[in-house]
Amino acid sequence: MPEELRTERLILRALRPSDAGPVALYAGDPRVARMTTSIPHPYPPGAAELFVETSTAGRGAEIVWAIDATPIEAAEFVGVIGFRPETSEIGYWIGPPFWNTGYVSEALEAVIDHVFTSVQADKLVEQVFADNPASAHVLEKWGFRSAGTIETYSVARGEMVETRLLQLDRADWKARLEAATATG
């Protein structure tokens with residue numbers, strides 16, 4: 001079970017059985033599924049319940065947090081963010097009603113800080129489809145840099161998709177924090 005993380009507006013918490021409905025709704029949106037490697041479209045019945053059960057039982061390959069906006073009296077579930085310790089990969093998706101709210105950026109900062117201070121990973125990596133500049137922009141805002149391009153299979157699209165690799169080293173993150181502390 002993931003450690004609960006808090007930001008100014010969000011709680012990043014373990015998934016709950018009650019999250020299955022919103023997971024199915026948002027992951028079932030073709031705009032969300034198309035920007036991921038593993039979410040199928042159409043989203044199959046029971047997939048959300050299985051995702052929640054696998055994540056809460058710790059049987060998955062990643063640590064998954066629900067992005068919960070109840071601290072500002074908003075939605076209890078807006079999306080997910082995860083970290084795969086074996087590959088140092090971070091990933092996220094958020095429901096379309098919550099796009100352009102800054103929630104992903106805020107959740108990403110909390111997870112980056114958690115990973116670099118608690119998990120002691122040396123780097124974080126993320127794969128972003130080339131036709132998803134908004135997601136790449138969020139990562140670049142926190143210091144992720146281009147590490148090349150590859151082709152990755154998208155289940156929802158049923159085809160290989162040009163994919164940008166982005167990476168953030170712990171040393172770069174630490175330097176950013178020190179610079180912000182010195183100027184703040």
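The figures here come from the full heavy-atom set of this structure, side chains too, leaving out hydrogens, waters and symmetry mates.
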CH2 (Trp93) and CG (Asp29) are apart, to the nearest 0.5 Å, by 10.0 Å
Residues passing the side-chain hydrogen bond (donor to acceptor under 3.5 Å, both in side chains) test with Thr101, sequence neighbours excluded, are none
Exercise. Quick one: do Phe129 and Val138 end up in the same hydrophobic cluster if we chain Ile, Leu, Val, Met, Phe, Trp and Tyr together by side-chain heavy atoms under 4.5 Å apart?
Worked result: no
| query | Ignoring hydrogens and geometry, is there a side-chain-to-backbone donor-acceptor pair from Ser118 to Val115 under 3.5 Å? | reply | no
> Side chains of Val32 and Trp99: does their closest heavy-atom pair fall under 4.5 Å?
Replying inline: yes
Output for pair (Lys141 NZ, Glu109 CD), nearest 0.5 Å, gives 8.0 Å
Q.
Are Leu165 and Leu124 connected into the same hydrophobic cluster when the rule is that any two of I, L, V, M, F, W, Y join if their side-chain heavy atoms are below 4.5 Å apart?
A. no
Donor-acceptor pairs are to be reported for all side-chain atoms of residues 146-156 against protein atoms at under 3.5 Å, with residues two or more places apart or in another chain.
from	atom 1	to	atom 2	distance (Å)
Thr152	OG1	Gln127	OE1	3.4
Thr152	OG1	Thr163	OG1	3.0
Ser154	OG	Thr36	O	3.4
Ser154	OG	Arg157	N	3.2

Between Ile11 and Pro71 the two heavy atoms that sit nearest each other are CG1-CG, 3.5 Å
Between the CD1 atom in Ile112 and the CZ atom in Phe83, the distance rounded to the nearest 0.5 Å is 11.0 Å
- Can you tell me if CZ on Arg16 sees more than 12 non-hydrogen neighbours from other groups inside 6.0 Å? yes
Any side-chain heavy atom of Glu76 within less than 4.5 Å of one from Ser18? yes
(request) Verify the cluster assignment for Val52 and Ile63: are they in a single hydrophobic cluster under the rule of side-chain heavy atoms below 4.5 Å apart? (result) yes
Between the NZ atom in Lys174 and the CG atom in Leu177, the distance rounded to the nearest 0.5 Å is 9.5 Å
Of all heavy-atom pairs linking Tyr26 and Pro96, the shortest is CD2-CD, 4.2 Å
In this structure, CG of Leu108 is separated from CZ of Phe144 (nearest 0.5 Å) by 5.5 Å
Closest heavy-atom pair, Lys123 versus Ser88, reported as atoms and distance to 0.1 Å, is O-CB, 3.1 Å
When Arg6, Arg13, Arg9 are each screened for salt bridge (Lys or Arg N to Asp or Glu O under 4.0 Å) with Asp68, the one that passes is Arg13
Original post:
Given side chains that start at C-beta, do those of Ser135 and Met35 come closer than 4.5 Å, heavy atoms only?
Top reply: no
Closest heavy-atom pair, Leu10 versus Ala107, reported as atoms and distance to 0.1 Å, is CD1-N, 4.0 Å
Heavy-atom closest pair (Pro85 atom, Ala61 atom, distance to 0.1 Å) is CD-O, 3.8 Å
Margin query: Over 60° means perpendicular and under 30° means parallel, so tell me whether His114 and Trp65 are parallel, tilted or perpendicular.
Written below: perpendicular
Does the side chain of Glu126 reach to within under 4.5 Å of the side chain of Tyr92, using non-hydrogen atoms? yes
Looking only at heavy atoms, the pair that brings Ala110 and Leu5 closest together is O-CD1, 4.0 Å
Which of Leu168, Leu166, Val111, Val125 passes side chain to side chain contact (heavy atoms under 4.5 Å, CB included) with Ile90? Answer is Val111
### Query
Cluster question for you: counting only ILVMFWY and a side-chain heavy-atom cut-off of under 4.5 Å, with indirect links fine, are Leu50 and Val23 together?
no
Taken to the nearest 0.5 Å, the spacing of Tyr103 OH from Thr7 OG1 works out to 9.5 Å
### Message
If hydrophobic clusters are built from ILVMFWY residues whose side chains come within less than 4.5 Å, do Val104 and Leu25 share one?
### Response
yes
Taking the side chain as C-beta and beyond, is there a heavy-atom pair between Arg34 and Asp131 under 4.5 Å?
yes
Next on the checklist: With a 4.5 Å cut-off on side-chain heavy atoms, are Asp169 and Gln167 touching?
Outcome noted: yes
